[in-house]
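All values below were derived from every heavy atom in this structure, side-chain atoms included, with hydrogens, water molecules and symmetry-related copies excluded.
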Amino acid sequence: MFDRTDPASFASGSAAHIVVLPGVYETWRFLQPLVVAMHERGHPVHVVDTLHRNQRPVVDMAEAVATFLVEQELRDVILVAHSKGGLAGKVVMTGPAGGRVRFMLAVATPFGGSRYARLMLSRTLREFSPDDPSIVGLARQLTVNERIVSVYAEFDPHIPEGSELAGARNVRLDTGGHFRILAHPRVLAELAVLAE
């Protein structure tokens, strides 16, 4: 909360570029341990400042990410996404900027939505309903799934349906949680394999 680390300080390095996509109501700091670990391995890690706390629709978030990739002239990047960030990442991969993305590591992403979203008052959270047009439409986009690694907990209280994605490399961890999983060593191990 009081960490004043400038995310631009992680943008140097000679290995594959990584772009982080936090989940709804999150900032990049939720992914900071992964950011630090990958930067220490020589990867330039980028934060899309215009995402703020990701309260806009997934499509708007994806547009901001695609614009960032083009403006920064980034190619062959690895997206590292948590929750809603994975939905936006998949939209990017299926759009005009998709050729700029090598792989995506999606952690606890509601690819099939969450039944709890129907109960939420906020439109920001109702967007995760399994029958929301954005979730349904994204599920039909299968061609990029082979470039996605979906890592998720055996039990996720926010996504009881799980995060399995047809055609992707699915890694189900013998743990629980939606946020705690970000600190699991296997997440960093999967990212290291994709990035190196």
Side-chain angles (χ1 to χ4, degrees), residues 3 5-23 26-51 54 61-62 64-109 111 141 143-153 163-173 175 177-196:
D3 187 349
T5 304
D6 182 357
S9 67
F10 298 109
S12 63
S14 58
H17 289 265
I18 294 173
V19 176
V20 294
L21 308 177
E26 299 172 10
T27 68
W28 71 274
R29 295 191 190 286
F30 276 79
L31 299 166
Q32 192 167 356
L34 292 173
V35 169
V36 169
M38 294 312 289
H39 186 254
E40 287 174 351
R41 293 176 181 220
H43 295 276
V45 184
H46 306 275
V47 172
V48 184
D49 287 328
T50 57
L51 296 180
N54 301 331
M61 185 180 169
V65 173
T67 298
F68 179 84
L69 295 177
V70 172
E71 287 177 353
Q72 298 298 313
E73 299 181 5
L74 296 175
R75 294 185 185 334
D76 205 33
V77 303
I78 291 125
L79 301 178
V80 177
H82 178 240
S83 195
K84 179 183 181 179
L87 298 176
K90 186 172 176 186
V91 172
V92 171
M93 293 174 77
T94 61
R100 294 175 176 272
V101 178
R102 184 192 321 168
F103 295 112
M104 178 172 67
L105 177 73
V107 182
T109 295
F111 289 113
Q141 301 288 332
T143 57
V144 299
N145 290 3
E146 65 187 14
R147 294 189 289 139
I148 297 173
V149 174
S150 180
V151 179
Y152 53 96
S163 297
E164 188 168 332
L165 182 64
R169 175 167 151 60
N170 292 289
V171 180
R172 188 172 84 171
L173 303 179
T175 188
H178 186 72
F179 298 99
R180 183 175 47 181
I181 191 173
L182 287 168
H184 196 286
R186 184 72 183 272
V187 173
L188 179 58
E190 292 293 335
L191 177 54
V193 168
L194 286 179
E196 297 163 7

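- One finds the CD atom of Glu190 at 4.0 Å from the CZ atom of Arg169 (value rounded to the nearest 0.5 Å).
- Distance CG/Leu182 to CZ/Phe30: 8.5 Å, rounded to 0.5 Å.
- With Asn145 contributing its side chain and Ala168 its backbone, the two residues share no donor-acceptor pair below 3.5 Å.
- Annotation: side chain of Phe111 is in contact with side chain of Lys90 (closest heavy-atom distance under 4.5 Å).
- Here the closest heavy-atom approach between residue Ala62 and residue Val91 is recorded as CB-CG1, 3.4 Å.
- Nearest heavy atom pair, residue Gly177 against residue Ala153, reads O-CB, 3.4 Å.
- A donor-acceptor pair is defined here as one N or O able to donate and one able to accept, closer than 3.5 Å; such a pair exists between the side chain of Asn170 and the backbone of Leu165.
- Inter-residue side-chain proximity for His82 and Leu21 is flagged as unmet; no heavy-atom pair is nearer than 4.5 Å.
- Looking only at side-chain heavy atoms (C-beta outward), Pro44 and His17 come within less than 4.5 Å of each other.
- In this structure, the side chains of Leu34 and Val80 come closer than 4.5 Å at one or more pairs of heavy atoms.
- Going from atom CZ of Arg186 over to atom CG of Leu173 covers 6.5 Å, rounded to the nearest 0.5 Å.
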Inset, instruction - Take Val151 and Leu191 through the test side-chain contact (heavy atoms from CB on, under 4.5 Å) and record every step on the way to the result. - result: CA-CA 10 Å; Val151 179; Leu191 177 54; over 6 Å; no

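- In summary, the side chains of Gln72 and His46 do not present any donor paired with an acceptor at a separation below 3.5 Å, with no hydrogens or angles considered.
- At least one donor-acceptor pair closer than 3.5 Å links the side chain of His39 to the backbone N or O of Ser12.
- Remark: the His178 side chain and the Ser83 side chain contain an N/O donor-acceptor pair separated by less than 3.5 Å.
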Inset, instruction - Dump the intermediate steps for side-chain contact (heavy atoms from CB on, under 4.5 Å) on Thr67 and Val70, then the final yes or no. - result: CA-CA 5 Å; Thr67 298; Val70 172; 5.9 Å; no

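- With 3.5 Å as the limit, one finds no donor-acceptor pair spanning the side chains of Ser14 and His43.
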Inset, instruction - Step by step, work out the side-chain contact (heavy atoms from CB on, under 4.5 Å) result for Leu105 and Val187. - result: CA-CA 8 Å; Leu105 177 73; Val187 173; 4.1 Å; yes

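- Side-chain atoms of Arg147 and Met104, non-hydrogen and from C-beta on, never get closer than 4.5 Å to each other.
- Checked by atom type and distance alone, the side chain of Thr109 never pairs as donor or acceptor with a backbone atom of Ala106 at under 3.5 Å.
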Legend entry - Step-by-step side-chain contact (heavy atoms from CB on, under 4.5 Å) determination, His184 to Thr175: CA-CA 9 Å; His184 196 286; Thr175 188; 4.1 Å; yes

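- Looking at heavy atoms from C-beta onward, Val48 lies out of side-chain contact with Trp28 at the 4.5 angstrom threshold.
- Here the closest non-hydrogen pair linking Ile78 and Ala16 is CD1-CB, 3.8 Å.
- By the 4.5 Å heavy-atom criterion applied to side chains, Glu164 and Arg172 are not counted as neighbours.
- Although no hydrogens or angles enter the test, the distance criterion places no donor-acceptor pair under 3.5 Å between the side chain of Asn54 and the main chain of Gly85.
- Counting heavy atoms from C-beta outward, Arg29 and Thr5 have side chains that approach closer than 4.5 Å.
- Across all their heavy atoms, Ile18 and Ala195 have their closest contact at CD1-CB, 4.4 Å.
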